[in-house]
Amino acid sequence: MNVQQWESMSEQDRHEWARFREWQHAQSQVTQTPVPLPRAPWAAAATPGHVQLGSRTSRRLLAAAAVAVVLALATGLLLALADASTRSITGAMTVVNGTSSLYSSSSYGSCRLSSGYDDIVAGTAVTVRDSAGRIAGVGALDSGTGSSYGCTFSFVVDDVPASDFYTVEVGHRGEVTFTDAAVRNGDIQLSLG
């Protein structure tokens, strides 16, 4: 209110205006000084280092925690996608004893096969195809290990793209189909004889 408005007011209006300003001032004092609420008996007392929610520090802490959670989730997702996109296929090819044409140069330790099985040696190709019939990966047999059961050649085929099922072929011995779950569990066991 300016001086000209004040002078144009009646005495009664000036008096009302002054009462209104006092009331306004009193209200502003009440809102600026909050009345403490009684503390519940179970509420913990404020501790040193306590951060009040809504403060700049708490907002920064919440933002940092949110960023950490997002980064952890993104890292987990990337690892899951990497795990889901390619895999290593491990397995073994066993030529069983008891076949008349099977000869092992050593029944225990390294073994060499002959008489119809001489194509199963260290370095024989292991071909993996995906569910569309495309070659998904190629590996090779490791050296054979003899036992009373027969000769076992292990193999690993790395970086095979994910598929619903796979066919595995050792040399020219024919394809055997395995599910994705069997591949993930390492249950690729092939046998001859």
Side-chain angles (χ1 to χ4, degrees), residues 49 51 53 57-193:
V51 177
L53 290 178
T57 303
S58 68
R59 286 190 302 268
R60 286 181 182 163
L61 289 173
L62 287 173
V67 167
V69 167
V70 168
L71 288 175
L73 289 173
T75 301
L77 180 62
L78 289 175
L79 290 174
L81 288 174
D83 180 47
S85 63
T86 64
R87 61 190 81 253
S88 290
I89 296 179
T90 59
M93 164 67 92
T94 301
V95 180
V96 182
N97 276 338
T99 307
S100 60
S101 60
L102 172 63
Y103 170 77
S104 174
S105 63
S106 170
S107 59
Y108 297 98
S110 65
C111 56
R112 295 170 63 189
L113 304 172
S114 63
S115 302
Y117 295 98
D118 53 355
D119 62 318
I120 306 298
V121 295
T124 299
V126 177
T127 306
V128 176
R129 295 181 185 274
D130 62 14
S131 56
R134 295 181 300 256
I135 294 177
V138 177
L141 293 179
D142 291 335
S143 59
T145 303
S147 68
S148 61
Y149 184 70
C151 273
T152 301
F153 299 83
S154 61
F155 62 85
V156 176
V157 181
D158 290 320
D159 298 323
V160 176
S163 182
D164 293 335
F165 63 89
Y166 304 89
T167 57
V168 179
E169 182 176 23
V170 176
H172 65 279
R173 293 293 179 156
E175 295 179 339
V176 180
T177 302
F178 295 93
T179 64
D180 181 53
V183 167
R184 280 187 276 123
N185 293 333
D187 294 337
I188 307 303
Q189 301 299 319
L190 305 167
S191 65
L192 288 172

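The model shown is predicted, which means the values in this text are computed figures rather than measured ones. All values below come from the heavy atoms of this structure, side chains included, with hydrogens, waters and symmetry mates left out.
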Of all residues at least two apart in sequence or in a different chain, which pass the side chain to side chain contact (heavy atoms under 4.5 Å, CB included) check with S154?
D142
For a quick test of your reading: what N or O donor-acceptor pairs under 3.5 Å do the side chains of residues 169-177 make, sequence neighbours left out?
| unit_1 | atom_1 | unit_2 | atom_2 | d |
| --- | --- | --- | --- | --- |
| E169 | OE2 | G174 | N | 3.3 |
| R173 | NE | D119 | OD2 | 3.1 |
| R173 | NH2 | G116 | O | 2.6 |
| R173 | NH2 | D119 | OD1 | 2.6 |
| E175 | OE2 | R129 | NE | 3.1 |

Take F178 and V128, measure what side-chain contact (heavy atoms from CB on, under 4.5 Å) needs, and give me the verdict at the end.
CA-CA 10 Å; F178 295 93; V128 176; over 6 Å; no
A132: what forms a side chain to side chain contact (heavy atoms under 4.5 Å, CB included) with it, not counting sequence neighbours?
D130, R134
Do the side chain of S163 and the main chain of S131 share a donor and acceptor less than 3.5 angstrom apart?
yes
Tell me, please, which residues at least two apart from T90 pass side chain to side chain contact (heavy atoms under 4.5 Å, CB included).
V156
Intermediate values then yes/no, side-chain contact (heavy atoms from CB on, under 4.5 Å), V121 and L141
CA-CA 7 Å; V121 295; L141 293 179; over 6 Å; no
Restricting to side chain to side chain donor-acceptor pair (under 3.5 Å), what partner residues turn up for T152, sequence neighbours left out?
T94
Not counting sequence neighbours, which residues clear side chain to side chain contact (heavy atoms under 4.5 Å, CB included) with N185? List them please.
D187
pair F155-T124: side-chain heavy atoms closer than 4.5 Å:
no
Looking at S88 and D159, what are the two nearest heavy atoms and their distance?
OG-N, 4.4 Å
